[in-house]
Structure formats: C-alpha cells, structure tokens
Participant: 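Handing you this structure, nothing more for now.
Residue numbering restarts at 1 for every chain, and letters A, B, ... go by the order of the sequence lines.
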2 protein chains.
Amino acid sequence: MYEQLSNFITQRVAVSDEQLQLILSYFKPLTCKKNELIGSAGEMAKRMYFVNKGCLKVYFIKEQGIEVIRRFAFENYFSTSLVSFINGDPLKEYTQAIEATELLYISRNDFYYLLDKLPVWEKFYRNYLEQAYVNNTLRLQSFITLDATERYKLLLKESPHIVQRLPNRLVANYLNISQEALSRLKSKI
Amino acid sequence: MYEQLSNFITQRVAVSDEQLQLILSYFKPLTCKKNELIGSAGEMAKRMYFVNKGCLKVYFIKEQGIEVIRRFAFENYFSTSLVSFINGDPLKEYTQAIEATELLYISRNDFYYLLDKLPVWEKFYRNYLEQAYVNNTLRLQSFITLDATERYKLLLKESPHIVQRLPNRLVANYLNISQEALSRLKSKI
DNA sequence: TTAAAACATTGATCTACATCAAAAAATCAG
DNA sequence: CTGATTTTTTGATGTAGATCAATGTTTTAA
C-alpha cells in the first residue's frame, strides 16, 4: 500500500527510516470511482494526492462550462490543485478520477507541518515545485512554438501512455485542439 | 545599493540581521548597457539576478532565430533562466538588458550552498518557486482561454508598466501576437 | 443481447490572426 | 538640426484550426 510512495520519496531525497515512517504516517488511503470528483469546488485545495493506481485529470473551467485539462496524474504521480494549495485561494482547478483510482493523501495542514518540522520534506517539496515549474514551462513553450500536429507528435514521443491509455476526446482537450482536428491530423501522419 | 534587495528578502521571510548579512555578502554588483546580453549561450545558468534599476527580458529562440519573450524583470525582481538554473542544462532561455541596468547577482554555487546552510534561504527559494509556478500557470491559462484583445486588456490591467514602459514590438512579442495585430487591436479599444 | 449513450470521423464553412508589402511616424546618431 | 534607422500603422491576402452538422463506430448498462 505504501510501497510505491516510499519508493517515490526515497528516490528523490535522502531520508532516514524514522523520517520516512513519520512522513508516511500522515498519508491516508482513499478510493475513487471512475468519474468521481475529488475535493469540492469553492473550497481551497485541502489535500495533496499520490496515485497508487488509476488516473486523475486536473482541469479548469473556461467560459460556458468548457473544461480545459491542465495535466493527468497516473500511477506514482503526486497531484493537487497546486495554485490553490500554494495560495490557499478557492479552487479553480478541479480533480477528477478518469478511472477507478486508489490514492494516498496528506492534508495541506499536515503537509505544511512537515515542511517546518523536517528539512528533508522541505527539500522534497522544493524538488516537486522545480519539476512542476519545468513541466509548466515546457508545456507553455509547446503551445507557443508548435502547431497542433507537432504538439501531438511531441506528446506521442514524450508521453505515449497518455495517447494509448486515454480516449481521443481527452487527448485533444489536453493538446488544446478540437476532437475533429485531432482525428484529422492523426489520419495524415 | 543593497537596500532594495534587503527589503525584498525581509518582506518574504523572517530573517535575523546576521543571516541577512551573510546572504547579502554573496551578492555582487553588475552593470549592463542597453541591449547587452547577460550570460552566454550554450552554458548553464550560472547566476541568479536581482534588478536594482533598469529592465531585463528573458526569451528563448524559435525556429529561424525568432525570439519569444518569456518574461520581463523590472526593478525589485529576481530573475534567472530558471529551467537551466534548476536542471543545470545548457541555457535555452537568454537574458538581455532592455535598458541600462544595475544588477546584483549570486552565483548558482553560492545559491545552492546557502540553501543547505540556511533553512531560511530554502524557505525563500520555496516562495520564489511557488510564485514562479503560479505566474507560469496563469500565463499558460491566458493563452488557452483568451484571444489577443483580451490578453492585451489583461496585461494592461495587471501589468500596466509593461505596456507603458516598453515598445509595442516587445509587448506584442510577450503577448505572442504580431506587431500588426497589436496595433490593430489597440485602435479598436 | 440489445438499446442507448458516448465517442470518432468526415465534410462544409467561417474567423482570428499570420504574413507580406508599403507608407507614415518616431527616435537616434553624427 | 537632419538624414538614417527603427518603430508603428494600414491594407491585402492566406491559413490553421474552430465550429456546425451529419454519419459511423464503440462502449456501457440493464
């Protein structure tokens, strides 16, 4: 149950057994059905999730209720509505289980408590933030420099599991193109 | 000389006089002429800059040498090629002085040394990363949800100094639209 | 097992903004 | 100050990808 999470942490920071046990003690399991919404709109992000099994999508809502997917979180990913988690603002990014999903979560309070208590956790969070920043930056860059076909090819190369595992509809949304456009460009490759 | 930087730091983290002096001791002044390139291509980002006076632009290069501006850094901003600073990869984001500019810089080595030595500096960096992440996320969101006119209006509202202080050419680039399109949409507002 | 729902494809049309070209205005260097 | 460069504006044309509509296909649930 906690093995994947343990591995994830120990691969990133040098942590003693004692520290690791302390950290893990704050994580609680949570099982979600397919399409279940995780966390409620209007509130701030109160938890950070680790995906043991299954898949989440994090998205925000454009005008007229149109969903825009920001990222997916598969097995062995951490995920939260990070802007809200950082600022304590009400959620503008929603999280939904795409498949039946098994999570471990830590509350925002406990997370921040650990940051103050364990320098190694602060380091772990630093690493998380750095990666999140880099990913965001590359994604922004892909929108600015690449057309739809090039973005699709890049996704296929960098994250083939997204294309293989998820329906076209979600892939198109993530690439910020219409389903129709994705269908057409795939037939031309 | 170090007053603005002192204020910037003390506004963000609770730091003792002693700690502050230690931190400041690692920062060295640097003066740049208008249009001067800061740091050299091919190398990794070796410094983090603080702008005392003037203005920097951070940009990357698209195909055929076309510049794309990622952000500006005015007085009292920290700036570096953050992806390279994080990963130690060769620079893909370049920094150039838009005006005659006075900087203070800390080397990457000293920066990381301070991270390990001073928990308060780790906290300061956490805060910097969080803000960088939030800014990036909002910028990405603006490209996905807004058209050119709406992006311009948002910029005018959130960062009027960018529009007032910089030539149209740079503003258009930052908004990721052509100069012509910016000129046209301005005449329609 | 089958009707219903969700998803994918294909075609026709439309639009925001790019690009190219040239004139007009502003800024700069000698 | 003045010619030269840079920046901005205006016009004409082109295009990637959106949207709408219809049809075909797969998945789901009872």
Side-chain angles (χ1 to χ4, degrees), chain A residues 32-37 54-55 57 59 61-69 72 96-101 139-156 162-189, chain B residues 33-36 54-55 57 59 61-69 72 96-100 140-156 162-189:
Chain A
C32 312
K33 292 187 195 123
K34 184 170 173 172
N35 295 327
E36 189 174 336
L37 261 173
C55 177
K57 70 176 189 207
Y59 62 97
I61 309 274
K62 247 195 335 196
E63 86 291 1
Q64 286 143 345
I66 295 168
E67 282 183 27
V68 180
I69 296 171
F72 301 107
Q96 190 177 19
I98 295 178
E99 308 168 356
T101 297
R139 186 161 154 76
L140 181 54
Q141 186 157 333
S142 79
F143 282 123
I144 289 178
T145 58
L146 306 178
D147 68 19
T149 304
E150 292 171 324
R151 288 208 299 284
Y152 176 72
K153 282 185 184 163
L154 181 66
L155 186 67
L156 211 50
I162 289 182
V163 180
Q164 288 154 13
R165 188 161 162 179
L166 302 177
N168 263 352
R169 188 177 51 87
L170 297 183
V171 174
N173 186 313
Y174 182 66
L175 291 171
N176 198 35
I177 57 178
S178 68
Q179 253 182 92
E180 293 95 325
L182 178 58
S183 173
R184 275 186 259 262
L185 74 83
K186 279 174 84 168
S187 72
K188 272 186 213 143
I189 291 180
Chain B
K33 291 186 196 126
K34 184 170 173 172
N35 294 328
E36 189 175 336
C55 177
K57 69 175 190 209
Y59 62 97
I61 309 273
K62 246 195 335 196
E63 86 289 2
Q64 287 144 344
I66 295 167
E67 282 183 26
V68 180
I69 296 171
F72 300 107
Q96 190 177 18
I98 296 178
E99 308 168 357
L140 181 54
Q141 186 158 332
S142 79
F143 282 123
I144 290 179
T145 58
L146 305 178
D147 68 19
T149 305
E150 292 170 324
R151 287 208 300 283
Y152 176 70
K153 282 185 184 163
L154 182 65
L155 186 67
L156 211 49
I162 290 183
V163 180
Q164 287 153 16
R165 189 162 163 180
L166 302 177
N168 261 354
R169 188 177 50 87
L170 297 182
V171 174
N173 187 312
Y174 182 65
L175 290 171
N176 198 35
I177 57 177
S178 67
Q179 258 182 89
E180 295 93 324
L182 178 57
S183 172
R184 275 186 257 262
L185 74 83
K186 278 173 85 168
S187 72
K188 272 186 211 142
I189 291 177

Participant: Between atom NZ in B/K33 and atom P in C/dC28, what is the gap in whole Å?
Facilitator: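 Going from B/K33 (NZ) to C/dC28 (P), I get 18 Å.
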Participant: Under the ring pair (Phe, Tyr, Trp, His ring centres under 6.0 Å) rule, collect the residues that match up with A/Y152, sequence neighbours excluded.
Facilitator: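 By the ring pair (Phe, Tyr, Trp, His ring centres under 6.0 Å) rule, A/Y152 matches no residue at all.
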Participant: How close or far is atom P of C/dT27 from atom CG of B/L166, stated in whole angstroms?
Facilitator: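 Distance check: B/L166 CG to C/dT27 P gives 14 Å.
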Participant: Send over the distance from A/L170 CG to C/dC7 P, rounded to a whole Å.
Facilitator: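 Going from CG in A/L170 over to P in C/dC7 covers 8 Å.
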Participant: Taking only residues two or more places apart in sequence, or in another chain, which ones meet A/K34 in a side chain to side chain contact (heavy atoms under 4.5 Å, CB included)?
Facilitator: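 Here no residue qualifies.
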Participant: According to the side-chain hydrogen bond (donor to acceptor under 3.5 Å, both in side chains) rule, which pairs have a member within residues 169-179 of chain B, sequence neighbours left out?
Facilitator: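 Residue pairs with at least one partner in residues 169-179 of chain B: there are none.
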Participant: What residues form a salt bridge (charged side-chain N to carboxylate O under 4.0 Å, His left out) with A/R184, not counting sequence neighbours?
Facilitator: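 Testing A/R184 for salt bridge (charged side-chain N to carboxylate O under 4.0 Å, His left out), a comparison that skips the adjacent residues, returns none.
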Participant: At a cut-off of 3.5 Å, list every protein nitrogen or oxygen paired with a nitrogen or oxygen from nucleotides 17-24 of chain C, distance to 0.1 Å.
Facilitator:
from, atom 1, to, atom 2, distance (Å)
C/dC17, OP1, B/A148, N, 2.7
C/dA18, OP1, B/S178, N, 3.3
C/dA18, OP2, B/S178, N, 3.2
C/dA18, OP2, B/S178, OG, 2.9
C/dT19, O4, B/R184, NH2, 3.3
C/dC20, N4, B/E180, OE2, 3.0

Participant: Expressed as a whole number of angstroms, how long is the span from B/I144:CD1 to C/dA16:P?
Facilitator: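 To the nearest whole Å, that distance equals 19 Å.
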Participant: What is the distance from CG of A/L175 to P of C/dA8, rounded to the nearest Å?
Facilitator: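 For the pair A/L175 CG and C/dA8 P, the rounded distance is 13 Å.
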Participant: For A/E36, which residues count as a salt bridge (charged side-chain N to carboxylate O under 4.0 Å, His left out) partner, sequence neighbours excluded?
Facilitator: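 A/E36 satisfies salt bridge (charged side-chain N to carboxylate O under 4.0 Å, His left out) with no residue once adjacent residues are dropped.
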Participant: If the helix axis at each end comes from five base pairs, how far does the helix from C/dT1-D/dA30 to C/dG30-D/dC1 deviate from straight, to 10°?
Facilitator: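 The angle, to the nearest 10 degrees, is 60°.
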Participant: Below the 4.0 Å mark, does D/dT9 have OP1 or OP2 next to a side-chain nitrogen or oxygen of B/N168?
Facilitator: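 The answer is yes; a side-chain N or O of B/N168 sits under 4.0 Å from OP1 or OP2.
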Participant: Applying salt bridge (charged side-chain N to carboxylate O under 4.0 Å, His left out), name anything that partners A/E150, two or more places apart in sequence or on another chain.
Facilitator: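 Testing A/E150 for salt bridge (charged side-chain N to carboxylate O under 4.0 Å, His left out), a comparison that skips the adjacent residues, returns none.
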Participant: State which residue, out of B/N168, B/L170, B/L155, fulfils the side-chain contact (heavy atoms from CB on, under 4.5 Å) condition with B/V163.
Facilitator: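 Exactly one pass, corresponding to B/L155.
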Participant: For B/Q96, what residues pass the side chain to side chain contact (heavy atoms under 4.5 Å, CB included) criterion, not counting sequence neighbours?
Facilitator: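 Applying side chain to side chain contact (heavy atoms under 4.5 Å, CB included) to B/Q96 gives B/N35, B/L37, B/K57, B/Y59.
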Participant: Restricting both atoms to N or O, compile the protein contacts to nucleotides 28-30 of chain D shorter than 3.5 Å, with distance only.
Facilitator:
none

Participant: Would you indicate which nucleotide in D/dT7, D/dT9, C/dT9 comes nearest to any side-chain atom of B/R169?
Facilitator: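 The answer is D/dT7.
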Participant: Would a 4.5 Å heavy-atom cut-off, applied to side chains only, mark A/I177 and A/R151 as touching?
Facilitator: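 When only atoms from C-beta onward are counted, A/R151 and A/I177 do touch, with a gap below 4.5 Å.
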Participant: Nearest whole Å is fine: how far is C/dA6 P from A/N173 CG?
Facilitator: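 Taking atom P of C/dA6 as the reference, CG of A/N173 is at 17 Å.
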Participant: Considering residues at least two apart in sequence or located in another chain, which fulfil the salt bridge (charged side-chain N to carboxylate O under 4.0 Å, His left out) criterion with A/E180?
Facilitator: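 With neighbours one apart ignored, the set is empty.
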Participant: So, using side chain to side chain contact (heavy atoms under 4.5 Å, CB included) as the criterion, who are the partners of A/T145 when residues are at least two apart?
Facilitator: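 So A/T145 forms a side chain to side chain contact (heavy atoms under 4.5 Å, CB included) with A/Q141, B/F60, B/K62.
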Participant: What is the distance, to the nearest angstrom, from the OH atom on A/Y152 to the P atom on D/dG17?
Facilitator: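 Atom-to-atom, A/Y152 to D/dG17, this comes out as 15 Å.
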